[in-house]
Amino acid sequence: MGPVALVLHFVSLCFICSIHGQAEFPDLPDVVTVPESSSPGTSVHSFTLVNCSSNNPTVTITSVSPAATYFNTPTQSKAGAGEFNLQITLSSSATLNADVVNEYVLEITAQCGNETATGQLFVMITDDISEPQCEPQFSSQVGDTVQVYSSVPASSTIYTVVLRQPKNTPVTYKITQPSPSPFTILQNGHVLAPASGFSNTAADYQLQITVTDSLGNTCNGTLNVKVLTVYDNPINFTSSSESVTIMENGGPNQLVTIVTARGSNIQYEVINPMAAFYIESGTGTIRTTYNLDLDSSPALVSTILRVRAYDPYNRSNSASVTVTINVLDVNDIAPQCSPAIIVDVVPQTAPVGYTFIDFSCTDPDYNSTELTYSIIPDTNSLYSFRMQGSKLQINKTLNYDSAVMASLNFQYSATVVVTDSGTPRMTTNIPVFITVTAVNDYTPICVGPSAFTVNENAPFGTVVGQINATDADYPFNSVQFSIIGGPNPPVFYVVPRTGEIKLLGPLDFETTSSYSLRMKVVDLNNDILPDPANQRTTFCTITISVTDYNDNPPVCTPPFYSTTIYSTLLTTSAVVTLTCSDKDASAVLSYTIVGGNVNGRFRLNGPTVLHNPFSFNPDGVMDPLSYELLIQVTDSAVSPKFTTTATVFITVIPWTTTQPTTTKTTPTPEKQTRIVNQTLTYWQPDIWFMVVLTVTGVLLLSALALLTWALCKRFPLCSQGTNELTQTLLPDSSVSNNEAVMEPSKQPPPAKEKKDVAPVSPLSLQFDGRAQDPVSGREYLFNSHTGERRWL
């Protein structure tokens with residue numbers, strides 16, 4: 001499996017972001033490589049378990065795919081608080097073979113109290129670079145035997161160590177026993193006779209030989225050297241073994257090879273007779289007995305003959321040679337397979353290792369067990385399939401949810417190639433067409449913002465925000481939204497397909513400043529046969545915060561205040577403090593005196609009423625003893641803004657320490673136009689009632705004005721009094737839509753008082769009290785409502 005396949009393995013995993021503090025394997029999933037020659041007990045992988053609430057967690061391998069018992073249960077050791085070191089090793093039954101299974105998938109589970117952590121480990125089995133393989137007879141416990149005459153030349157070759165499938169060249173040869181040894185072995189495997197030769201006597205030697213390749217891998221063998229006594233006419237071969245290759249179908253009596261021994265009067269025979277071959281005793285010529293056909297007799301592919309050369313008059317004077325006969329197949333027929341084409345349909349959730357077909361292939365030219373299977377993918381099916389022997393299997397999870405797959409009608413295509421081992425090699429191609437069907441296997445996921453804001457003054461239908469969700473099933477993001485939790489009656493609704501959240505009802509920040517909505521997201525089912533029962537649903541919560549809008553007027557409690565002070569009260573002392581509030585959280589209250597502040601004797605410090613020095617100078621400014629202050633309370637400096645008016649009744653008691661003021665008239669400060677807005681929270685009359693009340697009030701005021709004018713015409717003294725502008729108490733009113741209420745006009749300065757006015761009877765209509773000035777001792781009449789005085 002290549003790097004791309006490993007990456008795709010990770011993509012297919014559903015380990016998306018683990019929750020902080022939850023037991024987990026931070027090192028998994030992972031991919032490790034294990035050589036197929038690894039011995040039992042070899043470490044496969046070391047990893048950790050963290051955030052485990054148990055002091056003795058249970059960690060097991062819950063499954064191995066393909067099924068195998070080659071892996072031991074993970075060993076564990078405590079590394080710290082909630083952390084354990086784990087290790088998986090090969091079991092005693094492990095017999096790894098990359099040609100049979102090149103990958104194992106281990107599912108690992110840890111049980112930590114009530115928590116469970118899972119992970120996957122992909123174990124890749126690699127094909128070892130083979131160790132040097134000595135010939136079976138040489139590497140057997142008995143070893144190989146060679147007979148030589150004692151008269152062989154010194155340092156001549158008496159044996160050659162032959163390797164099967166030599167790899168990791170160069171290899172080295174060494175005689176390990178006896179040590180030192182009279183024999184010598186060269187780096188080409190030739191064993192040489194002693195440098196001093198043999199004495200003309202029979203002797204036996206046993207040599208232990210080690211073969212080592214360039215990677216340090218070794219194989220060991222035993223060579224038994226039997227030294228024969230030299231006769232007058234010794235027989236021997238120049239080499240102890242030889243190999244020959246012939247083609248099949250050469251007919252009977254096909255020449256195989258000719259063996260030749262040195263000596264005289266020599267006869268030849270086959271020590272291990274084979275029906276397919278015979279030797280001409282006089283010449284040493286080896287021929288075929290009949291036509292060799294590997295198709296019918298595959299065992300003839302390789303034959304080993306032991307040939308002896310001997311003196312017929314003294315059979316103990318003999319020598320032997322090993323002849324290996326290799327028969328090559330004449331390969332002219334490609335393998336034949338059933339079926340000849342693969343067309344299949346599988347769901348996208350078909351598991352890795354799922355087998356489509358187990359091919360039945362034969363090769364008339366050769367043994368079918370020598371067939372090899374491979375798969376040639378196209379660009380789209382790369383790493384998607386694998387061959388396990390003759391089985392076509394899924395190598396990685398097939399993907400339906402892809403625009404690329406949609407453009408290919410959700411079909412994977414590849415070619416299975418079956419190759420024989422003949423000469424030349426013949427192949428058969430099997431087309432593969434696999435169609436993947438949809439399975440609704442992904443749950444929608446909420447993405448994007450989960451918090452929105454809306455002004456409480458927003459109109460019906462205002463788009464508050466948009467909830468977004470994704471669905472990895474093709475066609476992508478095909479979901480539907482609905483609200484399953486929220487206020488009743490509902491204040492919001494969601495457009496099912498777009499996720500737009502719109503305002504459905506009125507908002508009131510002062511009542512509810514935040515809404516929590518539970519949103520239901522349902523995919524529209526992407527199975528091959530839509531079934532509502534297979535729909536997948538997710539839930540997410542969004543928060544909608546309501547921002548304040550100035551829609552409530554200030555409220556003063558109580559709306560009317562009454563207090564009595566001495567004229568000598570310190571100007572820094574509070575006369576009265578208003579208690580006003582506004583339901584709007586953003587409201588900033590400001591206070592302004594808009595009426596009744598005769599001679600500007602009062603001022604405000606926020607909601608606190610303070611006074612300026614009073615004047616009770618009979619010859620100058622004479623302040624009234626009673627005030628009716630109208631204080632306007634405004635909740636905002638910008639539109640929209642609301643106002644209310646509080647009334648403060650203040651009675652001033654002159655005190656002996658009161659100093660007379662100057663006769664200079666104090667002008668009344670110019671009043672600014674204010675916008676008054678107030679909402680009645682306890683009663684709101686109908687419009688017709690307000691019209692009737694207004695008309696009645698106007699008529700009443702007009703009648704009172706005419707009556708006052710008539711009285712003043714009748715009694716001239718009335719017209720000589722102070723013409724101070726008085727103002728009735730402004731009732732609380734609500735002015736919406738920025739209606740302006742104009743303040744009273746500027747007050748004219750009071751006229752100078754006349755000192756020597758004789759009391760007359762009409763004065764009883766204007767003054768309701770009589771008092772004596774504590775400073776001058778003079779008596780005067782006063783009006784307790786207007787504060788006006790008349791000296792007697």
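Quick caveat, the model's predicted, so the values are computed rather than measured.
Between His45 and Phe47, the ring-plane angle classifies as parallel under the 30° and 60° cut-offs. Using cut-offs of 30° and 60° for the angle between ring planes, the Tyr400 and Phe410 rings count as parallel. Note on ring orientation: taking the six-membered ring where Trp is involved, the planes of Tyr373 and Phe359 are parallel (angle under 30°, cut-offs 30° and 60°).
Separating the CD atom in Gln208 from the OG1 atom in Thr176 is a distance of 5.5 Å, to the nearest 0.5 Å.
Put simply, the side chain of Ser302 reaches to within 4.5 Å of the side chain of Thr324, judged on heavy atoms. The shortest distance between side-chain heavy atoms of Thr218 and Lys174 does not fall below 4.5 Å. By the 4.5 Å heavy-atom criterion applied to side chains, Met387 and Leu392 are counted as neighbours. Taking the side chain as every heavy atom from C-beta outward, Val494 and Met519 approach each other to under 4.5 Å.
Test Ile375, Asn429, Val432 against Thr415 for side-chain contact (heavy atoms from CB on, under 4.5 Å) and you get one pass: Asn429. Between Tyr412 and the choices Leu382, Val436, Ile394, the side-chain contact (heavy atoms from CB on, under 4.5 Å) rule is met once, by Val436.
A donor-acceptor pair shorter than 3.5 Å can be found between the side chains of Thr355 and Gln393. Looking at Thr210 and Asn220, their side chains do bring a donor and an acceptor atom within 3.5 Å of each other. For the residue pair Ser91 and Asn72, no side-chain donor N or O sits within less than 3.5 Å of a side-chain acceptor on the partner.
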Taking only distance into account, with no hydrogens and no angle test, what donor-acceptor pairs under 3.5 Å do side-chain atoms of residues 57-71 form with protein atoms, sequence neighbours excluded?
| residue | atom | partner | partner atom | Å |
| --- | --- | --- | --- | --- |
| Thr62 | OG1 | Glu107 | O | 3.0 |
| Thr69 | OG1 | Ser93 | OG | 3.3 |
| Tyr70 | OH | Thr95 | OG1 | 3.2 |

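The minimum heavy-atom distance linking Tyr383 with Asn395 is given by the pair O-ND2, 3.0 Å.
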